[in-house]
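If you read the sequence from its start, that first residue is 1, and numbering goes on from there.
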Amino acid sequence: MSKIVVIGAGQAGSSLVAKLRTLGHDGSITLIGAESAPPYQRPPLSKKYLLGEMELERLYLRPESFYADQGIDLRLGATVTGIDRDAREVILGDERLPYDQLALTTGSAPRRLPAAIGGDLAGVFTVRDLADVDAMEPMVREGAHVLIVGGGYIGLEAAAVAASRGLKVTLVEMSDRILQRVAAPETSDFFRKLHGNHGVDIREGVGLDRLLGDGKVSGARLSDGSELAVDFVIVGVGITPETALAEAAGLTLDNGIAADAQGRTSDPAIWTAGDCASFPHGAGRLRLESVPNAIDMAECVAENMLGAGKDYVPQPWFWSDQYDVKLQIAGLSTGFDRIVTRHDDGDAVSFWYFKGDQLLAVDAMNAPRAYMVGKRLIDNGKTADPAAIADPAIELKTLLKP
């Protein structure tokens, strides 16, 4: 019977092994994870879990018993030290684990501040895994002052949690505006105002010069020369794909571990999915950092490991929760040249991204109907009349009619 090994016990790895069993694979499956906890959801870490509104067990993607019940050998707290492609073996210290097919779902790692500017001081945190949030939680106390470095979604979500718990929050973003890399100015404006209404001090066009402190962070000097006294720091300056194992094994890298349209790497016995994987898209390559992509690509790869021969076609969507606002994003906005704004009932607003006449993406704030209609249009390669979108008197569902 075929032996399948999966390295990386996050969302992609858990989805892949579960799909293999659902599809009827009756050979051995081993899922290897570096953390001691079974596969869990990451998005709630910076939201409900940090707020104390979600217990640890509710984070788990599946009950820990699921893996044993499905005959999946779940190895936690295990470090893979190498891959012997010729022997088709995964190396775990002194142990060699044979495979017929291998999948790399190694995910991504947060970018950290250099030690030269104080990045190794105690009290400096990233928000990526349970250990990060558990270590940070004692610091999240009313009246404390937190500096957040980076105005992307991770930084803004952390700011929302901290402000909601009564902390003084300063957020610095060295670009001209928050969310500059991922959203239109209209979306940046919306969230800048939202956070300002909750007392967050957002400083755009201002970077971090260095952190101050003796062993533990106590302050920060910013690029404009100002200094702040702070109790702790949260760093949200992006993530990088975990490719070290793949690189050491001689696999092709290209903005992550390079896969073909079916998820196969440059070694036909090795597959990849999730944050760490890039795949053909249009005239170039794409790597998506999202839970939906991790699930969908992993399940497609599982099918292909069993011979389906199916190309992965992404249908990107994302979400972010900040205060009482739920942001839902459909599509990819890259290359947009026009934004159409729609206001619906209450505080619902959506921004629709166009390139010429083609709808590319939608940012919907407390506007689930706009999100659902936009996503259906985008997934089906359709567009809509911008004037109709902008007119709140026109029902959005009419945009779906042929």
Side-chain angles (χ1 to χ4, degrees), residues 45-47 50-51 108-128 132-133 135-137 139-240 289 320-323 325 327:
L45 289 176
S46 59
K47 307 179 188 80
L50 187 54
L51 280 168
S108 54
R111 292 192 178 99
R112 300 181 184 274
L113 297 179
I117 64 167
D120 59 352
L121 291 171
V124 180
F125 303 97
T126 56
V127 185
R128 189 60 185 166
D132 293 332
V133 177
M136 183 195 312
E137 198 277 334
M139 308 291 293
V140 184
R141 293 293 179 264
E142 186 172 354
H145 187 187
V146 58
L147 171 67
I148 297 176
V149 182
Y153 287 119
I154 288 292
L156 292 174
E157 288 170 359
V161 170
S164 298
R165 296 215 19 200
L167 280 75
K168 179 181 179 182
V169 183
T170 302
L171 183 148
V172 295
E173 169 53 59
M174 65 186 302
S175 299
D176 293 339
R177 59 181 174 87
I178 57 172
L179 302 175
Q180 182 163 307
R181 187 178 66 88
V182 294
E186 289 84 348
T187 299
S188 299
D189 293 345
F190 178 94
F191 283 101
R192 183 187 307 107
K193 181 179 179 182
L194 176 68
H195 282 272
N197 289 342
H198 285 83
V200 176
D201 178 10
I202 292 182
R203 306 188 187 187
E204 294 163 304
V206 177
L208 174 69
D209 180 60
R210 66 171 298 107
L211 298 177
L212 309 172
D214 183 11
K216 181 184 182 304
V217 67
S218 59
R221 181 182 303 128
L222 306 182
S223 62
D224 62 3
S226 63
E227 292 191 5
L228 304 171
V230 300
D231 295 293
F232 67 107
V233 176
I234 299 175
V235 181
V237 291
I239 59 178
T240 56
E289 300 166 355
S320 177
D321 295 316
Q322 298 171 47
Y323 309 106
V325 172
L327 165 66

For Lys168, the side chain to side chain donor-acceptor pair (under 3.5 Å) test, sequence neighbours excluded, returns none

So salt bridge (charged side-chain N to carboxylate O under 4.0 Å, His left out) across residues 141-161, not counting sequence neighbours, yields Lys47-Glu157, Glu137-Arg141

Which of Ile148, Ile154, Leu50 passes side chain to side chain contact (heavy atoms under 4.5 Å, CB included) with Val127? It is Ile154

Any side-chain heavy-atom pair of Arg181 and Ser175 under 4.5 Å:
no

Sequence neighbours excluded, the answer for ring pair (Phe, Tyr, Trp, His ring centres under 6.0 Å) partners of His145 is none

Of all heavy-atom pairs linking Ala220 and Leu208, the shortest is CB-CD1, 3.9 Å

Original post:
Hey, does the side chain of Ser223 reach the backbone of Val206 with a donor-acceptor pair shorter than 3.5 angstrom?
Top reply: no

For Asp321, the salt bridge (Lys or Arg N to Asp or Glu O under 4.0 Å) test, sequence neighbours excluded, returns Lys326

Value for OG1 (Thr170) from CD1 (Ile202), rounded to nearest 0.5 Å, stands at 10.5 Å

In short, ring pair (Phe, Tyr, Trp, His ring centres under 6.0 Å) pairs touching residues 160-195 with sequence neighbours left out are His195-Tyr323

Glu289 meets the salt bridge (Lys or Arg N to Asp or Glu O under 4.0 Å) criterion, sequence neighbours left out, with Arg287

Residues passing the salt bridge (Lys or Arg N to Asp or Glu O under 4.0 Å) test with Arg128, sequence neighbours excluded, are Asp275

Of all heavy-atom pairs linking Phe232 and Val217, the shortest is CA-CG1, 4.0 Å

Rounding to 0.5 Å, atoms CG (Leu194) and CG (Asp189) come to a distance of 12.5 Å

Residues 194-221 vs salt bridge (charged side-chain N to carboxylate O under 4.0 Å, His left out), sequence neighbours excluded, gives Arg192-Glu204, Asp201-Arg203, Asp209-Arg221, Arg221-Glu227

Can you list, pair by pair, the side-chain donor-acceptor contacts under 3.5 Å of residues 109-125, counting residues two or more places apart and other chains?
residue : atom : partner : partner atom : Å
Arg111  : NH1  : Val237  : O            : 3.4
Arg112  : NH1  : Thr126  : OG1          : 3.4

Original post:
Got a sec: does the CE of Met174 have more than 12 other heavy atoms crowding it under 6.0 Å?
Top reply: no

Residue set satisfying side chain to side chain donor-acceptor pair (under 3.5 Å) with Ser226, at least two apart, ordered chain then number -> Asp224

Which of Val146, Leu147, Leu156, Val149 passes side chain to side chain contact (heavy atoms under 4.5 Å, CB included) with Leu171? Answer is Leu156

Those residues at least two apart in sequence (or on a different chain) that pass salt bridge (Lys or Arg N to Asp or Glu O under 4.0 Å) with Glu173 are none

Residues 157-185 vs ring pair (Phe, Tyr, Trp, His ring centres under 6.0 Å), sequence neighbours excluded, gives none

